[in-house]
Every structure is written in C-alpha cells, then in structure tokens.
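Reminder, nothing fancy here: chain letters follow the sequence lines and each chain counts from 1.
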Amino acid sequence: MQYHFNDIEAKWQKYWAENGTFHAQFPSDKPKYYVLDMFPYPSGAGLHVGHPLGYIASDVYARYKRLKGFNVLHPQGYDSFGLPAEQYAIQTGQHPAVTTKVNIEGGVDNQGNEIAGYRKQLDKIGFSFDWSREVRTSDPAYYKWTQWIFTLLFDSWYNRDTDKAEDIESLVSAFAKAGNQNIHAVCDDNIAAFTADQWNAFSEKEQQAILLQYRLTYLAETEVNWCPALGTVLANDEIVNGVSERGGHPVVRKKMTQWSMRISAYAERLLQGLEKIDWSESIKETQRNWIGKSVGAQVKFKIKNDVSSSAVENAYIEVFTTRPDTIFGVSFMTLAPELDLVQEITTPEQKAEVDAYIEATAKRSERERMADVKTISGAFTGAYAEHPFTKEPIPIWIGDYVLAGYGTGAVMAVPCGDQRDYDFANHFGIAIPNVFEGVDISEEAFADKDNTVIANSDFLNGLKYKKAVKLAIYELEKIGAGSGKTNYRLRDAVFSRQRYWGEPFPVYYKDGMPQMIALEHLPLELPEIEKYLPTEDGAPPLGRADVWAWDTKTNNVVSNDLVSSSAVEKSGDNGIYPLELNTMPGWAGSSWYFLKYMDNTTADGSIPKEALDYWGNVDLYIGGSEHGTGHLLYSRFWTKFLFDRGFITIDEPFQKMINQGMILGTSAFAYKFQAIDPDMLLSYPEVEMKNFFITENQSKLYETDTLTFFKIFEEKYPLFYNEIIEDIEKAKGCLKTFPVHVPVQFINASNELDIEGFAKWRPEFKEATFILEDGTSFSPSGGDVRRTEGASVYKVGREVEKMSKSKYNVVNPDDICNQYGADTLRMYEMFLGPLEQAKPWNTAGITGVHSFLKKLWKLYHSGTDGAFHVSDDAASKDSLKTLHKTIKKAEDDIENFSFNTSVSTFMIATNELTAQKCTSREVLAPLAILISPYAPHIAEELWSKLGQTTSISEATFPVFEAKHLVESSKEYPISFNGKMRFKLELPLDLSKDEIEAAVMANEKTQHYLEGRTPKKVIVVPGKIVNIVG
RNA sequence: GCCGAAAUGGCGGAAUUGGUAGACGCGCGCGACUCAAACUCGCGUUCCUUUGGAGUGUGGGUUCGAUUCCCACUUUCGGUACCA
C-alpha cells in the first residue's frame, strides 16, 4: 500500500475538526500548559513558507506537552487592524473590514485576485489549534475590551508610595483632603503645588486639567513626522531619505497633541521583571537597553540675565548627567533645537542663525540625528548659563545630537569626558578644560570611569569616580542646584494614530476636556467614511465621518450637526459632544489578546476570574525577536497594570519565549547579456544583439577572461565574433550582464532553468537565445537548435534574499502541501536548521524529508505488496536499543527546542529499523507516538492501523529505559598532539593506567610515535586518549 | 552611529560540559532495476601539490587538546520608539 499523503491528511484534519480533538478543557484536573504564537497579521499576500515556521514549532511542542499529560491551550487568531489593510483600502477603495475578512476567510477581492485565506492555509498544515477561541482585534466584540482597558488606564494613576497603579478616585480624595504636596506620583513634570482648599475651589475643568497630568493615559504634545503634502503623520519606515515613501514629499517634525501611555511609570518594574522570565538573554538585554536605566544627578543651571539680553528671569536649564563628578569640566551646554526654551533665551543677534538651524533640524529624522556622528552642527544662542559652583558663564548652544525626548533635552557638555561633546567643542572652537589627573586629552575624550581621578575641580580634586560622584551630588544638594536621580531612557508611548483602521478611542470632548464612555456603552464602533484619507484640513480620516458625536443623554453616536456650537458654554449645552478623531495603534489590541483566549463563553465577552486564574500566563510564547521593544514591552506593561488593578493574578504575560529566525528566500537569476546603451551597438552594424542569456559562470568568465568568453560566439555567430574580437576593450565597454530575477517555480533541484516555462511567463523572452553551460545555444521559440537528449542545460545563479513577491522567490505552503503533504512541510521546516536562526528556504531539499516519510510508511508496510504488517513478536535487542536511543534524543531535543536534530534522529532510527527488518509492535507503536508531534497525520494513520481507536494525541509519550543502551566497550580515538590517528576498541571498565598501557602496547602507537618517547599521555576514560610528544 | 545576533564542505546544517570536525539531508559521481525515463535501492563524496599536509569568517592568545574559552577585527542580518 502506497503512502497517499493527500488522502490521509484530509481525513485526519477532518477528524480533528469534527471531534474537537484540540479543544482546551476547562475546568480540568490536569496541569495546564499554554502555548501561544505571536499574533499573525493577515496580509493580502497570504502565507509563504516562512510564516508557519514558528507555528509548526509551537505546534510540535503543544502536541508533545499533550502526550506528556498536560491540558494544553494552543489558540490562534488575528491581529487584524493595521496599516497595510488601510493602505490597500486607500488604493482600491475597499473597506478594510472587507479585505481583512477575505484575507482571513478567503474569497475574491474586487481586483479579481483569488485569495486562499489565512485560515484555509493554516488548516492545510494540520495545526492543533483550538479554533473555538479565535480572536480578531478588529472585531467590535473584541475591541470593546481594548477600549475598556484604555478607559481603565485613564481612570488610574501611579502611586510611588505603594508602587502600583491605583484608581484615580483615591487621588481625587487625597487632593480634596491635603492637596498635592504629599503625593508621590508618576506624573508630568512641573505640576504646580496646590492645597486642599485650592483644589476644592478649582472649576471642574481646572480639576480635569490637573488630573490629566497624573492619569496613566493622557493628552500631551508630542513630536511627529508630519507630511504636509499627504496631510498625515508618517511612520519612520514610510520615510525614505527624508521624504515620504509614497510620492516623495517632504517630511518635517511637528508637534501634535496626542494620547500617550505613561509606561515610564513601570520602567523599574519592567526592568526587574526580566529577572524572573525565561527569555533569551539577548532579547532581555534589548529591553534593558531600551528601558535604559542610568543613575546620576539632575543639575540646575541658572540662565544668566546680565549676560544674555533675554527677557527670561530666574530661568533654569535642567540637565541629567551620569557624570556629576566632571561638573567642573563643563565648558558649554547644548539644548535640543526643538525645545521651547530656545526661543526664549536666544539673543536678537543670534536669532537668524538659531532659527535657520531649527528649521534644518526639523527636516531630519530622529534616527538620522542619532546615527550621524560624522557631521557636527549646531548654533550659539547668545545666552549663557551660570556654573553652579564657579559662577562662571557657560555659553548655551543648540545641537541636533541632543534629542528633546531623551532626558530633559539638554546636556551639560563636558568635552574632556565625552566624545560627542569633544567633537562639538573642537568644531566650534570651544574650550576643553581637562578635569582628569594624568590623562592626555589632546587627541580624544577620556570616558573611562574606572581609571578616573578628578583634577582641577576644587573640592573634587584627587577623588576617584564613585567618591567624586557622591560628593558632587552632596554639594549640589547643599546649594540647591541639583540632586541625585535615576533616569530612564524609556519614553512614554504615543498612543494616537491619524488612521482609520484601528480601534476608535471611547472618548468625547466636553469643554475641550476628554471624557470616557462607560463600559456598558461600548464598543464604540468605527464609523463609515467614504474615503480612508485625512481630511483636506489635515484632520485624521475619522474627521470625514458625519455621524461621529456622542450624545451623553442617550449614550449613542449621533450626527455631528447636533453638536451645539456653544457646547463649550454651559448654557447652550445639549449634552452632545464631538468624538475623538484619532484611533489606537497596532499594539493596542495585541497587548492583551493572550487573556481573551482563556475564555470565549460569556455573552458580554468578559473573562471569568476562574479561567484567568487557571490559565495564568503563557507558558511558551513563540515569535520573532523583531517585536522585542514593541509588542513585548507593551504587553508586559498592560499585564502589570491589569495586575495592579486586581483583574489578573500574574504580572508577566509570557513566562518562556523562543524567537524563531526568519526564513529567507533563495532567489534565482538569469543573466541577460546586452548592450548598456542599444545605440552603442550601432558601432557593430551587422550585429543584432538582443536578449541573450548567458550562465552565471559565463558571466564571471566575461569579467575575468573576455577573450575566452567570446569564443562561445565564434562558430555560431561569426559575424558578431569578428566584430567584437577586433576591439575587445571597446566591446567590453558597451556589453554588460544584467541579473534578472527568475521565479523559483521554474528551477529544479539542480538549479536548471525550465527555459520554455520561463519564456512563457515573460513572452518578451520567447525569441531570446540562451547560451547553455557547454556553450551551445537554445531558443525557446524553436528558431534555434532544439535541446535534445543529453544536451546541455541553463543553470541559474542563486542568492539569498528576503522572501518577497517582487523577488519572485516566494514559496507558497499550499503548493508544498499539495505536492508533498503537510507532514513533509512540517518536518522540512523543522529540519532546515536551528529554530532561532535565519535560514534560506530551498524547495529542492524537501525530497530528503519526503522520502524519509515514505521509508517510515514502508517500515510499517513490510507485508506482501506493501500490506500493513506489524507483529507481536518481541523486538530484537538492536531494535530496542534504536528505539530507546531515539526516545532519549527526541525528548532531550524537544525540551531544548532543537527540532532540526530530532528530525535527523527519526531518520537515523527509521534507517536502522529498516535495516534490522523490525516489525515489532513493541517498537513501532512508540515510534509512531514519538514522531506524531512532527508528522501528526501519518502518525494518526499508522496509529489507527495499529488498532487504536482514539487519536494518537491521547497517547502517552514513551518512557526512556537506560538499560537498553548499556555498552561494555568503547572505540577510543587515539590522538597524537591533538590529532586523531586511529581508533582502538577497549573495555569500558578499564582504569586510566590500564588504558594507557593498552594504547602504548599497540603497534600503531609505536608507528605514529616514530621512535619518540611521549612526554605525557592524557587519558580521559570513556572519551579520548591523547599522546603528547 | 548605537543595541542585539550570526559566520563550519558545492548547499541547509551536526558536534548537548573544551575531547574522533563534517551526523542527517540536498546536490554531485558511479552502479543496480528499466526498452527507456521516473521512482526505488546500493556505494562514494571537506580540500590539496596524497608514504603526507591543510582545514570551522580574519589575526592573535589560553590549553595536552579549541567550531566550543579570551582579545582585536571583517562581513551579513534584525531592532532603533507611527510596519506588524
């Protein structure tokens, strides 16, 4: 009987779906295990073979855990809001909800493109997902709760005293009782002090304005990339070389009022939490750097009125520094050009220069400013600050290497101790005072803290780094010019997007102040609009909605016309207010989705506490490391917040995480040989030179040995050859090879091109001439010599690139499933290489895994005419050894997520058992279980043929027994000076001395020693013998 | 620029704690089966100037012994705060 994988796979996929085989149980007596994949974004391009890599890995692990007796939750869903759907909507005029649905469920879009749909594609691969718990972020029933979490954040503040988020009501009552002076909150800087009496006397609007400075989500002015021509804000990766990717319009930095999340409140806990989760050290390090804790001092520098002519009085510049020990080395200050303070302090004489510089800076992206260390630029404001100790004037500059969003947006420049300050000072001719003892700073700054001894610094002289820092802070505090401070690089997260396809904010504006819509009136659904673009006056797309106002009396969305023009005044207030026009960012819905999977049984979509408590957090999370500082940080933030507010009992969402590497495409190239400029060929009047394809080798030959290359043309194209050969250099100047991407479907396992197929795909190459490997030529139009049997071939060149449509290297998993089966696809993806590494896909290699599955099938079908045959006879010693060796290795590998090596192990086991002619049930039944997480369909089929009536997923993972692997002797490698020369079989129970004696007595040892006496013999029993000398 | 990761035959990769470099698979070569092809099976396959020598991105170091540990560098990939 043949291995009919298509039938087998369809049969079992149907069985699993119909029987709910993989539905997680609740309640359950079993221990739980929660395996989750990072949320897929359902793009219109569909799945390529790179996408399922992580899903297969997590599926293998989930199935393994089931065999190990766990109640496994392994859900899947879609992060279905996002920019690509919106851009597709803008391009094609379709509602993103429609295209998103098609992308998930399949269908035909209005361009006539047939879309298979994510779900069908995933189903074909045979995942053990519990689809009954599917989640879509763009589903109002889901985003209702995203909106609710937002309102909860709005109604919360962070109390430093209890070190957690609390209900805003506790803050309000504290204010009413005692004002804000004894409140230790994470809040905006520079909040004015007020007493209880003052608070109680404030108007509601004033109170709301103050509370907004404490809330965990708040409105603030933030810098964005504004593209005036497109009337919208752009993401950094929508900007290429300072202009918009679409249309190439200029982009400037602009301030906008945006919703922000006070994630900075959680900086320390996000940092500490890393210690108790099992993630790769590298991604934890990425988050540590992102949070960027640094300990130092906040220092105030008074701005000198008498020196600058500015009108500012009693103004300070506050800086954060990690090196207060070098405070006597300050020779200038640098401010971020976009700070408001710059305008205030700049002297009239410097105004023109400063304004010009600010304008130039607005055109540069933040990333550009950080990355570019070569160009040094800045401008002098004309103003001076006063050194807190020496009272000397310090010139105040602006420079784009200082970013407004980091720290206070100002630095005290110590050129002798910081290279960027040093370069800046050098460039503008500013003094570089040396405050280090015995250090030469004539060439570069000295940043080594460990070897610092301070000099020229008054009371700090002679002190080392640590002591000097301590003393400097002490002295600063004494004169009221600063204090010790811990700073975090982590900035509050901007939460507004000027887009359509995202969650609407449950927010309306009364009297200009934001108000939340209560949970019972949610979800606030996205309004219909006719175009998904910003409005003409630059408002976000929701500004196009006519029905987008909130009636607080009926709690409904109503027409904008009803908003009273005098709504700001109490007298004309009809209770109808405008709604927020921004939407939430992509990370909103994905910051809590792992909780929603825990239950889908309630009518209102809430999650019962029992389910939250039972499932706890995700035990294993698999996804890409590119989410390191986005999704993975924001989810941790929301989890800690929901923990603080008592909704969940875990404060880390993902206990263990594995980051799978990207699967790259192997692009194929044909080399078009043609004139750089067709006109140049006129110098060869009798030659028509078009559409020649040469091979990769010939292309190389052309570069290195042009003469030999042209010999190819000598016989067949004498005219051309004669023309060319007259002046090789001239020919070389006008003829060149151009690599052309060839779709990988036209390439076989030996890199040979299906020329006819290629010419059919690109008809303009029908008449082209392909010079083959042996120099003969072929044209697909048939005008030339047909390729006959034994004729040469055209081999493409190959290069590894990102898998993408435009590179024609995309491989669709559906095609692989049809041709080889899902089990082969699953195994091959695992076999490719270590899960965590990036690796190229090459369909050619898949035959190895496929024939392994055929061999496995045969192992169970050794009867006449390939009939299923398994005996109840006792297994041979060898077969038991093979089995138990495989159990051990398979289990170790799976626990270490080393899936590629376990596939090899199965191959070795199958080869060995085939050679042993093993037919014993005792061996073949456990073997099927071992393989079932990887190749579940074939395993189920074999399992049922073995007479089982339940799914193999209900079986128990075989138990390893060491007794089958006991060895009595070892083939020792005998090395001389570390080089292995020969092997010697010796009993394992020999002592060190006995081994040495046996080795030295061996005649081969004497041969390799060539008469020398060994200086030393290293014997490691059970491992190796090394003879030195 | 900064942060993180990777580099081993023609290719994907293996070597779990410093102990036989190249498991397993692809490709390639030879052979069997076949009228023939495909499939399948068997054998071989790191390189070289082959009684031997070299070899895990480059250059150094530690060690009896280094793909593995240390130092310096090169290249490629990911992230860099509005792609997801």
Asks: I want to check one thing: is the phosphate of B:A81, taken as OP1 and OP2, less than 4.0 Å away from some side-chain N or O of A:Asn236?
Replies: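 A:Asn236 to B:A81 OP1/OP2: side-chain N or O found under 4.0 Å.
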Asks: So, using ring pair (Phe, Tyr, Trp, His ring centres under 6.0 Å) as the criterion, who are the partners of A:Tyr972 when residues are at least two apart?
Replies: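 By the ring pair (Phe, Tyr, Trp, His ring centres under 6.0 Å) rule, A:Tyr972 matches no residue at all.
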Asks: Pick base, sugar-phosphate or nothing for A:Arg420, based on heavy-atom distances below 4.0 Å to the nucleic acid.
Replies: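 No contact.
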Asks: Using the side-chain heavy atoms of A:Arg499, tell me which of these nucleotides is nearest: B:U80, B:A84, B:C82.
Replies: B:C82
Asks: How many whole angstroms separate atom NZ of A:Lys854 from atom C1' of B:G25?
Replies: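 Those two atoms, NZ and C1', are 15 Å apart.
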Asks: Taking O4'-C1'-N9-C4 for purines and O4'-C1'-N1-C2 for pyrimidines, is B:G9 syn (within 90° of 0) or anti?
Replies: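 Syn conformation for B:G9.
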Asks: So what does A:Asn751 hit on the nucleic acid, given a heavy-atom distance under 4.0 Å: a base, only sugar-phosphate, or nothing?
Replies: nothing
Asks: Base, sugar-phosphate or nothing for A:Trp841? Non-hydrogen atoms, less than 4.0 Å.
Replies: nothing
Asks: Could you check whether the side chain of A:Glu238 and the base of B:C82 have a donor-acceptor pair of N or O atoms closer than 3.5 Å, going by distance alone?
Replies: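 Under the 3.5 Å cut-off, the side chain and the base do not form any donor-acceptor pair.
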Asks: Using whole Å, what does the distance between atom P of nucleotide B:G25 and atom CG of A:Leu856 come to?
Replies: 14 Å
Asks: Using a 4.0 Å heavy-atom cut-off, does A:Val373 contact any base of the nucleic acid, only the sugar-phosphate backbone, or nothing at all?
Replies: sugar-phosphate
Asks: Among residues at least two apart in sequence or on other chains, which ones pass side-chain contact (heavy atoms from CB on, under 4.5 Å) with A:Glu985?
Replies: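 Testing A:Glu985 for side-chain contact (heavy atoms from CB on, under 4.5 Å), a comparison that skips the adjacent residues, returns A:Ser969, A:Glu971.
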Asks: Under a 3.5 Å cutoff on both atom distances, Watson-Crick or G-U, what's the dot-bracket for RNA chain B ([ ] crossing, | other strand)?
Replies: (((((((..(((......[....)))((((((.......))))))(((...)))..(((((..]....))))))))))))....
Asks: Which residues, if any, of residues 796-806 of chain A bring a heavy atom under 4.0 Å of RNA chain B?
Replies: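 Those residues whose heavy atoms fall under 4.0 Å from RNA chain B, taken from residues 796-806 of chain A in numerical order, are A:Lys802.
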Asks: Partners of A:Phe424 by ring pair (Phe, Tyr, Trp, His ring centres under 6.0 Å), sequence neighbours excluded?
Replies: A:Phe332, A:Trp397, A:Tyr401, A:Phe428
Asks: Pick base, sugar-phosphate or nothing for A:His627, based on heavy-atom distances below 4.0 Å to the nucleic acid.
Replies: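 A:His627: base contact, heavy atoms under 4.0 Å.
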Asks: Rounded to the nearest Å, what distance is computed from the CH2 atom of residue A:Trp290 to the C1' atom of nucleotide B:G79?
Replies: 8 Å
Asks: Could you list the residues that satisfy salt bridge (charged side-chain N to carboxylate O under 4.0 Å, His left out) with A:Arg491, not counting sequence neighbours?
Replies: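 A:Arg491 satisfies salt bridge (charged side-chain N to carboxylate O under 4.0 Å, His left out) with A:Glu366 once adjacent residues are dropped.
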Asks: Using salt bridge (charged side-chain N to carboxylate O under 4.0 Å, His left out) as the criterion, list what pairs up with A:Lys293, not counting sequence neighbours.
Replies: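 With sequence neighbours excluded, A:Lys293 shows a salt bridge (charged side-chain N to carboxylate O under 4.0 Å, His left out) to A:Glu268, given in chain and number order.
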Asks: Expressed as a whole number of angstroms, how long is the span from A:Lys855:NZ to B:C39:P?
Replies: 14 Å
Asks: Are any side-chain N or O atoms of A:Asp893 and backbone N or O atoms of A:Ser902, one a donor and one an acceptor, separated by less than 3.5 Å?
Replies: yes
Asks: According to a strict under-4.0 Å criterion, is A:Arg497 in side-chain N/O contact with OP1 or OP2 of B:C82?
Replies: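 Checking B:C82 against A:Arg497, a side-chain N or O does come within under 4.0 Å of OP1 or OP2.
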Asks: Does the pair A:Gln287 and A:Trp279 meet the rule for a side chain to side chain donor-acceptor pair (under 3.5 Å), with working shown?
Replies: CA-CA 11 Å; A:Gln287 291 211 341; A:Trp279 294 10; over 6 Å; no
Asks: Just the rounded figure in Å: distance from P of B:G1 to CD1 of A:Ile376.
Replies: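 Answer to the nearest Å: 15 Å.
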Asks: Scan nucleotides 2-20 of chain B nucleotide by nucleotide, 5' to 3', and note B when protein non-hydrogen atoms come under 4.0 Å of the base, S if they reach only the sugar-phosphate, - if neither.
Replies: -SSS------BSSSB--BB
Asks: Taking the six-membered ring for Trp, are A:Phe495 and A:Trp638 parallel (under 30°), tilted (30 to 60°) or perpendicular (over 60°)?
Replies: tilted
Asks: To the nearest Å, how far apart are A:Tyr422 OH and B:G1 C1'?
Replies: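 Rounded to the whole Å, the gap is 19 Å.
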Asks: Could you check whether any side-chain N or O of A:His249 sits under 3.5 Å from a backbone N or O of A:Ser244, counting only pairs where one atom can act as donor and the other as acceptor?
Replies: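 Judged by distance alone, no pair lies under 3.5 Å.
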Asks: Which residues pass the ring pair (Phe, Tyr, Trp, His ring centres under 6.0 Å) test with A:Tyr88, not counting sequence neighbours?
Replies: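 Ring pair (Phe, Tyr, Trp, His ring centres under 6.0 Å) check on A:Tyr88 returns nothing, list empty.
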Asks: Quick one: on RNA chain B, does A:Pro84 or A:Ile846 contact a more 5' nucleotide (nearest heavy atom)?
Replies: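 So the residue in question is A:Ile846.
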Asks: Protein within reach of the bases, or only the backbone? For nucleotides 45-59 of chain B, mark each nucleotide 5' to 3' as B, S or -, using heavy atoms under 4.0 Å.
Replies: ----------B----
Asks: Is A:Arg367 close enough to B:A81 that one of its side-chain N or O atoms is under 4.0 Å from OP1 or OP2 there?
Replies: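 Checking B:A81 against A:Arg367, a side-chain N or O does come within under 4.0 Å of OP1 or OP2.
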Asks: Quick one: list whatever passes salt bridge (charged side-chain N to carboxylate O under 4.0 Å, His left out) with A:Glu238, sequence neighbours left out.
Replies: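 Checked A:Glu238 against salt bridge (charged side-chain N to carboxylate O under 4.0 Å, His left out); matches are A:Arg246, A:Arg499.
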Asks: Would you confirm whether A:Asn1026, through its side chain, and A:Gly978, through its main-chain N or O, come within 3.5 Å as a donor-acceptor pair?
Replies: yes
Asks: Taking the nucleotide of RNA chain B with the nearest heavy atom to each, does A:Val494 or A:Val1028 sit closer to the 5' end?
Replies: A:Val1028
Asks: The side chain of A:Ala235 lies closest to which of these nucleotides: B:C83, B:A23, B:G79?
Replies: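 For the A:Ala235 side chain, the nearest candidate turns out to be B:C83.
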Asks: Does any part of the side chain of A:Gln498, heavy atoms only, come nearer than 4.5 Å to the side chain of A:Leu581, both counted from C-beta?
Replies: no
Asks: Could you list the residues that satisfy ring pair (Phe, Tyr, Trp, His ring centres under 6.0 Å) with A:Phe976, not counting sequence neighbours?
Replies: A:Tyr1008
Asks: Keeping A:Asn748 on the side-chain end and A:Asn751 on the backbone end, is there a donor-acceptor pair under 3.5 Å?
Replies: yes
Asks: Just call it for A:Val903: base, sugar-phosphate, or nothing, with non-hydrogen atoms closer than 4.0 Å on any strand.
Replies: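 Nothing, no nucleic acid heavy atom in range.
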Asks: Should we say atom NZ of A:Lys888 is surrounded by more than 12 heavy atoms from elsewhere, each under 6.0 Å from it?
Replies: no
Asks: Using whole Å, what does the distance between atom C1' of nucleotide B:C82 and atom CD of A:Glu245 come to?
Replies: 13 Å
Asks: Measure from CZ on A:Phe906 to C1' on B:G25 and round the result to the nearest Å.
Replies: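 Whole-Å distance recorded here is 15 Å.
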Asks: Mind checking if A:Gly628 touches a base, just sugar-phosphate, or nothing, with heavy atoms under 4.0 Å?
Replies: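 It contacts nothing in the nucleic acid.
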Asks: Pick the P atom in B:A23 and in B:A14, then give their distance to the nearest Å.
Replies: 13 Å
Asks: Using only heavy-atom distances, decide whether a donor-acceptor pair under 3.5 angstrom links the side-chain of A:Gln258 to the base of B:C82.
Replies: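 Counting by modelled atom types and ignoring angles, a donor-acceptor contact under 3.5 Å is found here.
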